[in-house]
Number of protein chains: 2
Amino acid sequence: MGNSRLTVREIARLAGVSVATVSRVSNGTGQVSEEMRRRVLEAIEKHGYRPDHLGRALAAGRHGALGLVFPGLSGPYFTELIQGFESEAVPSRASVHILCTHLRSDSDAQALEMARRVDGLAVIGGTISEPTLLRLAEMVPVVVVAGEGPGAVPSVRAENAASMAELTRHLLLDHQLTDLVFVGNPEGSPDVSERWAGFLAAHRAAGVTPPASPVAVSMQQADGVLAAEQLLRPDSRPAGVVCANDETALGVLVGALGRGLRVPQDVVITGFDDAPIAALVNPALTTIRQPVRELAAEAARLILTAVNEPERVPCGDIVLPTELVLRRSCGCPANPVTGGTGT
Amino acid sequence: MGNSRLTVREIARLAGVSVATVSRVSNGTGQVSEEMRRRVLEAIEKHGYRPDHLGRALAAGRHGALGLVFPGLSGPYFTELIQGFESEAVPSRASVHILCTHLRSDSDAQALEMARRVDGLAVIGGTISEPTLLRLAEMVPVVVVAGEGPGAVPSVRAENAASMAELTRHLLLDHQLTDLVFVGNPEGSPDVSERWAGFLAAHRAAGVTPPASPVAVSMQQADGVLAAEQLLRPDSRPAGVVCANDETALGVLVGALGRGLRVPQDVVITGFDDAPIAALVNPALTTIRQPVRELAAEAARLILTAVNEPERVPCGDIVLPTELVLRRSCGCPANPVTGGTGT
DNA sequence: TTGAAAGCGATACCAA
DNA sequence: TTGGTATCGCTTTCAA
């Protein structure tokens, strides 16, 4: 098919040089005379030659690819994550392979398989078991994103507990809401686990009894709608719904508005992430901004460093700061800076 | 690092056989005596040998990977798409590489690059220019998903125009709504283009003057919120908002509810896709169900066939049927079968 | 500066 | 049935 028949040997023959010279020219390595370089480039240009990826990778002992393992593909969080990761990987001429473990029973096996096709791996916390994570780390450089790495596996994550505690404190004290619920499943994700911990800590600090357990649903908008259905009954409605991310918060918001409730008058709703839509809805969503893009970019940088300079073993945990964003859904007045259309 | 040092040669030496025999055993090809097989398997097991992917791919002249090119990662549509694609690819031992062209100026170049790393390619309509599509098709088997392929490039898509015309007719005649707008950008996507065409056709058939142009926004929920802001002003509010997909419809719904409008009494809203959340919101969303998963699975099957049996060149366009799903957001009564919580 | 040749890891043909 | 070996496409010493 097409020009795929072309090999270094062909080009070398056509240009009247050796394969070594062609290789040197097409890689920009080594010293080549101007005359040779011209001849080779001409032949390459004329026939549209592009070195075969497999041959190159085999000889170089490198795949030229980085892997990214994460739970699902829905939502702006993952879009940001991927873009941040690619923004670092692509300039280094590494393509990004994505493994989506959501609804997949054999994710550990899939990850091990992927590790054999890439030079390094970023794994979102909570997607892969610790033993497998350690095995992966023996095969290629691994960085855990949004979670803690086991053993010496480095990690990059956002600050969760303190900012969630701050938000919760704001609701408990500034808005005098003492009947809060938490929507999200701490089991599946280190991020959510830390946010739940912050939620509890703020209650303790304020001397308010927190709910015994979270409303453990998944992280998509539909789950928020379902949670709303379950929570927002006229007889036993909480004063505030603190959600583990913006998507579920949006779902709860839709559920609340759909049953004719007023937000924040009848019920307060908050999210986490500060997704683009959070500032657009009405009422605009109070949330916590986390630097998702930067998180992923940092992970990619760590991996690339480990790949390119194996002697410099990266280690330690990087924690990026987050920021509380107060908007109308928690009862605060409209804020022209952070967004929200007002009424 | 780890066991990656192991090669066929090593295992052959350890098992006291030739590399050919090891290869035969690890691939299950050719005839091997029970005794040899046992010896080899033992050595493989003991040392945890897994054949190197690059070596294998180079020798086989095959990457063992399929590519999937599409615009963005947000939303349930793409989740379904990927899962459907993988459901066919993975059993055939092909991994799936994803290229997300959203916010990427060099998507054509990226796609060409990807074509050199995979055995076949599925391209979502509207993401890659036609000339590039033809070049890709010269390199590997290509299938266009949700769009028409140029030249002899085969395609798989869902029926759009007729079902959208049916929905529009339902709004125009059954609900007597003569003031409809269409939200979605026909330029970027063949799907949307066909849906807009169906919207117009129904107007013509009913003798109603359609709007001069669509509200050309992108396909994410935030875009729907923005469209709502622009459309749902008290002075000039349309009777119905027909959206190109469920996500924008949800955005419009959030926007409408957020401004205190009642749906469907004050304004009717419809979507397209029948995403899981469409049945959950209140009012439940009237929409058109399309078999996204099946679409992607069919595309993967076509590609795999083309890869495995190059003599059988696939061609033609496959069009999968869609189905109108009437729920409350268009003014129809609650339907216990198709979903919707009622009031 | 250039080229010949030895790998990289696995497959598959052809003899034995 | 088994093993030796050429081959896949490219990179990279090592000599010239």
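Just the heavy atoms: all of them, side chains too, but no hydrogens, waters or symmetry mates, feed the values below. In what follows, every chain begins at residue 1, and chains take the letters A, B, ... in the order their sequences are listed.
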Note to self: Without decimals, in angstroms, what is the distance between B/Arg39 CZ and D/dT1 P?
What the structure shows: 16 Å
Check: Of the candidate nucleotides C/dC13, D/dC10, D/dT2, which contains the atom at the shortest distance from the side chain of B/Ala20?
Finding: C/dC13
Check: Once you round it to whole Å, what is the distance between C1' of D/dG9 and CZ of B/Arg117?
Finding: 15 Å
Next item on the list: Would you classify B/Val22 as touching base, sugar-phosphate or nothing, given that sugar-phosphate means primed atoms plus P, OP1 and OP2, and contacts are heavy atoms under 4.0 Å?
Entry: nothing
Margin query: Taking the minimum atom-to-atom distance to the side chain of B/Met36, which one of D/dG3, C/dA12, D/dT11 wins?
Written below: D/dG3
Checklist line | Between B/Arg117 and A/Ser95: side-chain donor-acceptor atoms closer than 3.5 Å | finding: yes
Next item on the list: Kindly point out which of D/dT11, D/dG9, C/dA4 is positioned nearest to the side chain of A/Leu58?
Entry: D/dG9
Next item on the list: Could you label the plane-to-plane angle of the A/His97 and B/His97 rings as parallel, tilted or perpendicular, counting under 30° as parallel and over 60° as perpendicular?
Entry: tilted
Margin query: Using whole Å, what does the distance between atom C1' of nucleotide D/dT11 and atom CZ of A/Arg56 come to?
Written below: 9 Å
Check: When the distance from CZ of A/Arg38 to C1' of C/dT1 is rounded to whole Å, what number comes out?
Finding: 16 Å
Margin query: Strictly below 4.0 Å: does A/Ser18 bring a side-chain N or O up to OP1 or OP2 of C/dG3?
Written below: yes
Notebook entry, point to check: Considering only C/dT11, D/dG9, C/dA5, which nucleotide approaches the side chain of A/Arg9 most closely?
Noted result: D/dG9
Notebook entry, point to check: C/dA10 P sits how many Å from B/Glu10 CD, rounded?
Noted result: 11 Å
Margin query: If you only use heavy atoms from C-beta on, which nucleotide in C/dC8, C/dG3, C/dG9 is closest to the side chain of B/Ala59?
Written below: C/dG9
Next item on the list: Give a yes or no on whether a salt bridge exists between A/Arg38 and A/Glu42, defined as a side-chain N under 4.0 angstrom from a carboxylate O.
Entry: yes
Notebook entry, point to check: Counting only heavy atoms not in A/Glu35, do more than 12 sit closer than 6.0 Å to its CD atom?
Noted result: yes
Note to self: Heavy atoms only, 4.0 Å cut-off, all strands: where does A/Ser23 land among base, sugar-phosphate and nothing?
What the structure shows: base
Next item on the list: Please tell me which of the listed nucleotides, D/dC10, D/dT11, C/dA10, lies nearest to the side chain of A/Asp52?
Entry: D/dC10
Checklist line | For atom NE2 of A/His63 and atom C1' of C/dC8, their distance in whole Å | finding: 12 Å
Next item on the list: Take A/Ala60 and A/Arg37, find for each the nucleotide of DNA chain C with the closest heavy atom, and name the residue whose nucleotide sits nearer the 5' end.
Entry: A/Arg37
Item checked: Protein-nucleotide distance (A/Gln31, atom CD; D/dT13, atom P), rounded to Å -> 15 Å
Checklist line | Exercise: identify the closest heavy-atom pair between B/Pro71 and B/Thr127 | finding: CD-CG2, 3.3 Å
Note to self: Side chain of A/Ser33, heavy atoms from C-beta onward: which of D/dG3, C/dT11, C/dT2 has the nearest atom to it?
What the structure shows: C/dT2
Notebook entry, point to check: Between C/dA4, C/dC13, C/dT11, which nucleotide gets closest to the side-chain atoms of B/Arg24?
Noted result: C/dC13
Note to self: Rounded to whole Å, please give me the gap between CG in A/Asn27 and P in D/dG9.
What the structure shows: 17 Å
